[in-house]
Amino acid sequence: MTAFNTQLVHGETIGDNQTGAVNPPVYNSSTYQYRSIEQPAHWDYARSGNPTREFLEKQIAQLEHGVRGFAFASGMAAIHAVLAIFKPGDHLIVGNQIYGGTYRLLNQYFKEREITFTAVDSRDLNAVAAAIQPNTKAIYFEPFTNPLLQVTSVKKISELAHKHRLLTIVDNTFLTPYLQQPLTLGADLVVHSATKYLSGHSDVIAGLVVAKNAELAEKIYFIQNALGGVLSPQDANLVRRGIQTLALRLERQQDNVAQLIKFLQHCPQVAGIHYPGLPGSADYDIAQDECRGCGGVFSFELVPGVDACQFVDHLKLFKLAVSLGAVESLAELPYEMSHAELPPEERLAAGISPQLIRLAVGIEDVTDLKADLQQALMVVSQQPQTSIK
Ligand SMILES: *Cc1c(COP(=O)(O)O)cnc(C)c1O
């Protein structure tokens, strides 16, 4: 078998291409001809499967060491498909810092359909164990949370889950299979917002699922085909192309993160930095043990009196935007942007203060990124705080 970086570039051939084209073709056809009634086609109708999507689905299955992959029209469609394997009366345990859209889906959609859940700090194994009920079916969490980058051990959660015959479901968006492969650490299902690192260029919305065994794969395939939230061939091709440079992009992003953190550690306007790759951080050991690296996202607090809104407004190269994992650097204020839907007291309880900045670092020259942070810090340290929060 080929090694990881080769798999990123080449994937696995699906035997559809007789032209010699070095890239797998994009098939726009919605329907496929039968040779005869006795010989149904492998691909017959493109919602059920098509060669362009299948290439990507095989590739992500290979990269994540699962038996089968599935591509969806968004990360949320992928998460919906995974949660749709449960039945009314089932109970789930979920991390209390999961993606807001996932929480909304559980709390405002699945709960009404009698799939209940308990949100706990997934880092606390005792709390997770205490939340197990007779009807609990799975533990769903993100190994690195957003925006504080708190780390949960996939190994430990999977062990606990197996002991209680529960499924372990991991949203691996923040790490990608380059940095962590949850199925090899014991998880059963992996989901991705491929909108982020996997596609890597902020030009596609996509989601992926990988199943560890044939039984789960069968269930996910049924839902993918029955609900129909599939990824289009064009978008499947964009994700495939993004995946080819995943390792290179992540290496550069992580190098840039390391240098920006080194710079910020010496800035008097910066109070604390959240990145598990930082020696001395609370989660450093788990991250070292289970991940190849900690990715391109980190967050930090500005000291009281330094206006965080003004700071992000004065950034020039860092674009003020949600999302992450792409070639360009983005900055956001979780309190005002990605987490604004939570009531203020919940934001504060979750450690999301108005002073918290999240950076999703791209692949630009780090000297320019550093200069941008520096000039914005200069501006805000010279100005009195204007907005009152
Ligand atoms: C963005 C994101 C999602 C949702 O994915 P979409 O592609 O936006 O639907 C789910 N989980 C995490 C961790 C994300 O960052």
Side-chain angles (χ1 to χ4, degrees), residues 53 56 60 64 69-84 92 94-110 117 119 122 139-152 154 169-180 182 187 189-210 224 227-232 234-236 238-239 242-243 246 250 253 274 276 291 294-299 321-326 330-332 334 337-342 350 352 358-361:
R53 195 176 88 216
L56 173 65
I60 194 65
E64 289 281 17
F70 304 90
F72 293 87
S74 68
M76 287 320 305
I79 292 165
H80 177 211
V82 160
L83 296 176
L92 310 172
V94 306
N96 64 359
Q97 302 278 320
I98 54 172
Y99 181 70
T102 309
Y103 185 82
R104 178 175 54 200
L105 181 66
L106 285 161
N107 197 42
Q108 291 176 240
Y109 182 85
F110 280 109
F117 68 96
S122 53
I139 305 174
Y140 178 107
F141 68 104
E142 298 171 17
F144 275 38
T145 62
N146 175 32
L148 292 173
L149 287 301
Q150 296 169 339
V151 183
T152 291
V154 178
I169 307 174
V170 172
D171 180 336
N172 197 27
T173 302
F174 264 59
L175 288 170
T176 82
Y178 182 59
L179 301 179
Q180 182 174 69
L189 284 164
V190 167
V191 297
H192 283 281
S193 169
T195 310
K196 318 289 169 53
Y197 289 105
L198 293 175
S199 64
H201 295 75
S202 302
D203 57 2
V204 58
I205 296 281
L208 296 168
V209 176
V210 183
Q224 183 191 39
L227 298 186
V230 295
L231 190 63
S232 75
Q234 291 86 350
D235 286 345
L238 277 180
V239 177
I243 284 176
L246 176 69
L250 267 164
Q253 287 166 325
H274 307 279
C291 314
C294 294
V297 175
F298 74 99
S299 57
V322 297
S323 200
L324 57 109
L330 304 175
E332 71 121 352
M337 297 168 68
S338 57
H339 292 66
E341 267 187 51
L342 292 176
I352 297 161
R358 187 192 77 184
L359 299 183
V361 178

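Counting convention: from 1, in listed order, for ligands and their atoms alike. None of these values were measured; they are calculated from a predicted model.
- Partners of His339 under the ring-ring contact (aromatic ring centres under 6.0 Å, His included) rule, at least two apart in sequence or in another chain, do not exist in this structure.
- Qualifying ring-ring contact (aromatic ring centres under 6.0 Å, His included) partners for Tyr103, counting only residues two or more places apart in sequence or in other chains: Phe117.
- Residues of the protein with a heavy atom under 4.0 Å from ligand 1 are Ser74, Gly75, Met76, Ile79, Tyr99, Glu142, Asp171, Thr173, Phe174, Ser193, Thr195, Lys196, Ala206, listed by chain and number.
- Partners of Tyr178 by ring-ring contact (aromatic ring centres under 6.0 Å, His included), not counting sequence neighbours, listed by chain and number: Phe4.
- Within the 4.5 Å cutoff, no side-chain heavy atoms of Asn172 are placed close to those of Val210.
- Annotation: side chain of Ile139 is not in contact with side chain of Ser122 (no heavy-atom distance under 4.5 Å).
- The aromatic ring centroids of His80 and Tyr109 lie less than 6.0 Å from each other.
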